[in-house]
Amino acid sequence: MDLLAGLNEPQREAVLHVSGPLLIFAGAGSGKTRTLTHRVANLILHHRVPAGRILAVTFTNKAAREMRERLNQLVGAEANRIWMGTFHAMCAQMLRIHGHLIGLDPRFVIFDTDDSTRLMKEILRDADIDSDRYPAPRMLARISDAKNNLQSPDDLQSVAGSPYHRVVARVFKMYQERLKAAHALDFDDLLGEAVRLVTESEWAREHWSERFLHVMIDEFQDVNQAQLAWAKALASKHRNICVVGDDDQSIYKWRGADVKIILDFEKQYSDAHIIRLEQNYRSTQNILDAAHGVISNNFGRKAKRLWTQTQGGERIVLNGAANAQEEAAWVVRQIELLQREQHLKLSDFAILCRVNAQSRPFEEAFMRARVPLKLVGTQRFYDRKEIKDLVSYLKVLYNPNDNIALGRIINVPARGIGATTIEKLGMIARESGLSLRDVILNCGQEVLGRAINMKLEPLRRILITLQTDAENARSVVELLDKVLDRTNYYEFLRGDRTGNGNDRVANVEEFMSAASVFDSRMQDEDFGFSDESRDPESPMEGPPYLGLFLESSALESGTESGATGEDATVLMTLHSAKGLEFPIVFMPGMEQGLLPHSRALWGEQSGPDELEEERRLCYVGLTRAQQRIYLSYATQRTLHGRTESTQPSQFIDELPPQLIDRSGFARVGASSVSSYATTWESSGSSSSSRSAFAPAAAPRSSEPPRYRVGERLKHPTFGEGVVVNASPSGGAGEWVEVAFLSQDAGKKKLAVAFAPLEKVE
DNA sequence: ATGCACGTACTTTTT
DNA sequence: GTACGTGCAT
């Protein structure tokens, strides 16, 4: 197979590079994945490197999956033997195998952010620390920073120069102690402990660094010190470390990413070979020039410039709107126009926002226009309460020391065990050194008192029965079924008075089917890289792979559900757009305070570095576009319930002026529209803000309709919605069709005479 | 112990 | 404008 076919010169150079450190600057749309996969294929096919001795690390599961899939096409099933996955998954893997060398329980559980927050709150409460001055999330952020920099509580303690920092250090210490007691690692610990493994255990370092003939790191601009240390240790023996990234796309500083790491790679490895991939296969030259105009204002970036063979292209359309509603209406109109002109699918359009809060006006405008819009990356599957509950039951069964998981389900479904009781149980547990579970199961009336003891009885029965169930279950689904059954979980959900009962049942069902997919994968496949992970020495109770299931539910955010398959325009944040591409990109909210964000502009922690990161965010957005970019700003915006005047983004001024198309301004209000004009709506519109939806002089009965298309209203069960259609008013048969904001309520036709509808301003 | 009402605060979120 | 956390009343 010719692995070089269709590759450009620097790409070929990268593919052919075999030994020694290699740094690839891969610009947006420069064919990075192609280059990487071909390089790995070359190692395997032409240099006889056993796949099992290659480590390829990514930040996301998605990236890892994509890469594995493409490698499968190149080298076949052999690709499954490559150690490929996220930093966290790879670290977890190693720790399951050798964690015992540094004193870890091989059955450790992984705490996600929610678990960590619960634990932190518990600590603050127990230690009587004022959670207003020391909020749990901020404590966790400081701790995360420390861990990303491989600092221990003692390290923090010794450099603490203020009472605040001393509290942080103290809290950090307690946090680690409790994690340890729960046999748990948080996300950052996975990395930190993996680093500790290869530094403290000479044997482990020898083993793993010998094993990996090649180490590849993707998105290297986003690595932190812990990740760097880990990668360096693993590559220490053979020194075949290949890192790929783009400093211009580093947008995760707030998560510990340190751009300097990629910029200083040459200092770490003085013999590093450097390759720049600057030919772009995604965008028009105009788009690249516009993006370059912006990014070139950053200092200390690696000099480079994307170019493409597709010369010219459309100019960047710029629009100024009166407010966010007008802005959204403008976007819908452009999409409708473009879609008619070109033959584009709705999914060819993406709306990229700085913050999630920008999405509301778009949801409304799209609903009015009846153009499907899909919000991407808003709520993650495993973050849902009902899913967390079920996972917590499994966690408790798997690891009896996981007090946080037990704490979550101790009163779910409600069984009369309240905060006071839980507090008391926790006290006893800590004082006696027992796990919460042992206190509940093994302490009697003498210790707990009569009332509590009695209230605990049903929970005890459930836990004990489930323990037996876990030992007998042959699959995760089977065990989950038992959990649902023993806890009466469905009944509990149906009793949900907030009206989300049905959604939640649906979520549980979706979770069950995910579990069943996992089951079948485990049962008939030799799952990838983990030949060592199945340790016959440590028999597990319940499904042998329950631990793996828990791990994947902690490490896979769960590509959000609701994949309806319907063609829809997507809306997402700039952050989640990284790595994606779209023919047409809209970037609304090009304002001072939004992009660049106020926190970077005039907040406490504002500064040149923060502004540069905002600029990179802008750059990431611009370079997502293949054909056209539409930028817009609103001159007034309501944020946090306060309407304020805004200034256009400074980044607009950084665009080469000749590449900006301002004709959009002229069109505002003038463009006649549109498919959402219905019976009594005219297509004319003035410049007033409600103009596009105002009633017209068109056919209209003597009485004006009570509900007009475009109007917002509220229904006690379905929530808020927008009128998308209505019958002529008057008479018993009058109806309105309402698109409700809640995804699941959807569209409903309601009889005006009967439905308890309320207008909303 | 649970439910409601009020006050406050609030980017981004790969794992 | 909402979502969450605290505090009070049931």
Side-chain angles (χ1 to χ4, degrees), chain A residues 57-65 85-92 110-117 121 131-132 135-137 141 144 147-148 185-191 218-219 221-224 226-227 249-257 324 352-361 377-380 382-383 411 414-422 451 455 497-498 551-559 572-580 589 593-601 603 605-606 610 613-614 616-617 620-621 637-643 719-720 741 760-761:
Chain A
V57 195
T58 62
F59 272 84
T60 65
N61 292 300
K62 191 168 159 243
R65 264 194 304 273
T86 64
F87 277 100
H88 295 84
M90 296 297 92
C91 290
I110 299 168
F111 271 17
D112 62 21
T113 321
D114 187 72
D115 298 325
S116 297
T117 308
K121 285 181 176 165
S131 60
D132 283 330
S144 180
K147 288 181 176 180
N148 289 161
L185 300 182
D186 68 14
F187 285 142
D188 298 321
D189 283 339
L190 290 173
L191 286 155
D218 192 18
E219 305 280 16
Q221 76 282 356
D222 285 333
V223 302
N224 59 40
Q227 289 159 334
Q249 294 187 67
S250 170
I251 55 175
Y252 283 104
K253 179 192 159 98
W254 49 277
R255 289 194 67 123
L352 308 183
C353 297
R354 174 68 246 258
V355 298
N356 287 123
Q358 282 172 265
S359 64
R360 193 106 345 153
T378 35
Q379 82 219 109
R380 288 176 303 172
Y382 288 105
D383 282 349
N411 196 33
R415 42 178 85 92
I417 304 170
T420 330
T421 309
I422 296 172
K455 286 204 162 159
R497 261 154 290 173
T498 60
E551 188 163 303
S552 83
S553 54
L555 296 182
E556 296 241 17
S557 58
T559 40
M572 66 184 84
T573 62
L574 288 162
H575 282 91
S576 32
K578 194 175 80 163
L580 306 176
L594 248 191
L595 186 66
H597 193 272
S598 54
R599 296 283 262 248
L601 210 48
Q605 322 126 316
S606 65
E610 282 67 28
E613 180 134 321
E614 295 294 309
R616 291 193 289 267
L617 211 38
V620 165
R637 187 174 291 274
T638 309
L639 265 176
H640 315 320
R642 185 160 275 142
T643 305
E720 281 191 30
L741 292 177
V760 178
E761 193 25 63

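The structure presented is a predicted model; accordingly, all values stated were derived computationally and were not measured. Labels below follow one simple rule: chain letters A, B, ... track the order of the sequence lines, proteins then strands, and each chain is numbered from 1.
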S.K.: Rounded to whole angstrom units, what separation is found between the CG atom of Leu352(A) and the C1' atom of dT11(B)?
M.R.: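 The answer, rounded to whole Å, is 16 Å.
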
S.K.: Please classify the nucleic acid contact of Lys455(A) as base, sugar-phosphate, or nothing, using heavy-atom distances under 4.0 Å.
M.R.: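 Sugar-phosphate: the residue Lys455(A), judged by heavy atoms under 4.0 Å, touches backbone atoms but no base.
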
S.K.: What interatomic distance, in whole Å, is found between C1' of dA3(C) and the corresponding atom of dT14(B)?
M.R.: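 Between the two C1' atoms, the distance is 25 Å.
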
S.K.: Determine if Tyr252(A) stacks with dT12(B); use a centre-to-centre distance below 5.5 Å and an interplanar angle below 30° as the criteria.
M.R.: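 Here the ring of Tyr252(A) and the base of dT12(B) are not stacked, as the 5.5 Å and 30° limits are not both satisfied.
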
S.K.: Run the side-chain contact (heavy atoms from CB on, under 4.5 Å) test on His597(A) and Glu610(A) for me, step by step, so that the C-alpha distance in whole Å, both residues' side-chain angles and the decisive distance to 0.1 Å come before the verdict.
M.R.: CA-CA 9 Å; His597(A) 193 272; Glu610(A) 282 67 28; over 6 Å; no

S.K.: The test is side-chain contact (heavy atoms from CB on, under 4.5 Å); show your working for Lys147(A) and Leu191(A) and say whether it passes.
M.R.: CA-CA 9 Å; Lys147(A) 288 181 176 180; Leu191(A) 286 155; over 6 Å; no

S.K.: For a quick check of understanding: with a heavy-atom distance under 4.0 Å over all strands, which category does Thr421(A) fall into, base, sugar-phosphate or nothing?
M.R.: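 It contacts sugar-phosphate atoms only.
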
S.K.: Are Lys578(A) and Arg616(A) packed together at the side-chain level, in the sense that at least one heavy-atom pair is separated by less than 4.5 angstrom?
M.R.: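 Of all side-chain heavy-atom pairs linking Arg616(A) with Lys578(A), none is under 4.5 Å.
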
S.K.: What's the CE-P distance between Met90(A) and dT15(B), to the nearest Å?
M.R.: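 Going from Met90(A) (CE) to dT15(B) (P), I get 13 Å.
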
S.K.: From the set dT15(B), dT13(B), dC10(B), return the single nucleotide nearest to any side-chain atom of Thr60(A).
M.R.: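 Of the options given, the side chain of Thr60(A) lies nearest dT15(B).
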
S.K.: Measure distances between side-chain N and O atoms of Arg255(A) and base N and O atoms of dT15(B), and say whether any donor-acceptor pair falls under 3.5 Å.
M.R.: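 When only heavy-atom distances are counted, Arg255(A) does reach the base of dT15(B) through a donor-acceptor pair under 3.5 Å.
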
S.K.: Give the nucleotide from the list dG1(C), dT15(B), dT13(B) with an atom nearest to the side chain of His640(A).
M.R.: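 The closest nucleotide is dG1(C).
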
S.K.: When we call it a touch if two heavy atoms are under 4.0 Å apart, what does Asp222(A) touch: a base, just sugar-phosphate, or nothing?
M.R.: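 If one applies the 4.0 Å heavy-atom cut-off, Asp222(A) turns out to touch a base.
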
S.K.: Determine the minimum heavy-atom distance between Asp186(A) and Ser116(A), stating which atoms define it.
M.R.: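 That closest heavy-atom pairing would be CB-OG, 3.8 Å.
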
S.K.: With heavy atoms under 4.0 Å as the rule, sort Thr420(A) into base, sugar-phosphate or nothing.
M.R.: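 Result for Thr420(A) = sugar-phosphate.
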
S.K.: For a quick test of reading the model, state the closest non-hydrogen atom pair linking Leu574(A) to Leu352(A) and the distance between them.
M.R.: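 Looking at all heavy atoms of both residues, the closest pair is CD2-CB, 3.6 Å.
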
S.K.: Hey, what do you get for CG (Asp222(A)) to CD1 (Ile251(A)), rounding to the nearest 0.5 Å?
M.R.: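 Spacing of CG (Asp222(A)) from CD1 (Ile251(A)) equals 7.0 Å.
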
S.K.: Find the distance Asp132(A):CG to dC10(B):P and express it as a whole number of Å.
M.R.: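 Those two atoms, CG and P, are 11 Å apart.
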
S.K.: Measure from CD on Glu219(A) to C1' on dT13(B) and round the result to the nearest Å.
M.R.: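 It works out to 15 Å between those atoms.
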
S.K.: Check every strand shown and say whether Asn411(A) touches a base, only sugar-phosphate, or nothing at a heavy-atom separation below 4.0 Å.
M.R.: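 Touches sugar-phosphate only.
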
S.K.: Say you pick atom P in dT13(B) and the same atom in dC4(C); how far apart are they, in whole Å?
M.R.: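 That atom pair is separated by 16 Å.
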
S.K.: Between atom OG1 of Thr60(A) and atom CD of Glu556(A), what is the distance when rounded to the nearest 0.5 Å?
M.R.: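 Those atoms lie 10.0 Å apart.
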
S.K.: Quick check: on DNA chain B, is the nucleotide nearest Thr113(A) upstream (toward 5') of the one nearest Asn356(A), or the reverse? Name the residue that is more 5'.
M.R.: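 Whichever sits nearer the 5' end wins; that is Asn356(A).
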
S.K.: Would you say a side-chain N or O of Thr573(A) is under 4.0 Å from OP1 or OP2 of dT13(B)?
M.R.: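 The answer is yes; a side-chain N or O of Thr573(A) sits under 4.0 Å from OP1 or OP2.
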
S.K.: Could you state the atom-to-atom distance from NZ of Lys62(A) to P of dT15(B) in whole Å?
M.R.: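 Answer to the nearest Å: 10 Å.
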
S.K.: Rounded to whole angstroms, how far apart are CG on Asn61(A) and P on dT15(B)?
M.R.: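 Those two atoms, CG and P, are 5 Å apart.
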
S.K.: Find the distance Glu613(A):CD to dT11(B):C1' and express it as a whole number of Å.
M.R.: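 Distance check: Glu613(A) CD to dT11(B) C1' gives 11 Å.
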
S.K.: Contact class for Gly418(A) (heavy atom, under 4.0 Å): base, sugar-phosphate, or nothing?
M.R.: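 Sugar-phosphate contact only.
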
S.K.: What's the CG-P distance between Leu555(A) and dT15(B), to the nearest Å?
M.R.: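 After rounding, the gap between these two atoms is 8 Å.
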
S.K.: Under 3.5 Å, which N/O atoms of the protein pair with N/O atoms of nucleotides 3-5 of chain C?
M.R.:
unit_1: dG5(C); atom_1: OP1; unit_2: Lys121(A); atom_2: NZ; d: 3.3

S.K.: Assign each of His597(A) and Ala419(A) to its nearest nucleotide of DNA chain B by heavy atoms, then name whichever residue's nucleotide is nearer the 5' end.
M.R.: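 So the residue in question is Ala419(A).
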
S.K.: Say whether, by atom type as modelled, one donor and one acceptor occur between the side chain of Asn61(A) and the main chain of Gly85(A) under 3.5 angstrom.
M.R.: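 Answer holds: no.
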
S.K.: Provide the closest heavy-atom pair for Ala136(A) versus Lys121(A) in the form atom of the first, atom of the second, distance.
M.R.: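 Answer, listing the atom of Ala136(A) first, then Lys121(A): CB-CG, 3.8 Å.
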
S.K.: Tell me whether dT11(B) sits syn or anti, counting syn as a glycosidic angle within 90° of 0.
M.R.: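 Glycosidic conformation of dT11(B): syn.
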
S.K.: Counting any heavy atom closer than 4.0 Å, what does Glu614(A) reach on the DNA or RNA strands: base, sugar-phosphate only, or nothing?
M.R.: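 The answer is base, as Glu614(A) lies within the cut-off (heavy atoms under 4.0 Å) of a base atom.
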
S.K.: Counting the atoms with a prime plus P, OP1 and OP2 as sugar-phosphate, which does Arg354(A) contact under 4.0 Å by heavy atoms, base, sugar-phosphate, or nothing?
M.R.: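 Base, at least one base atom sits under 4.0 Å.
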
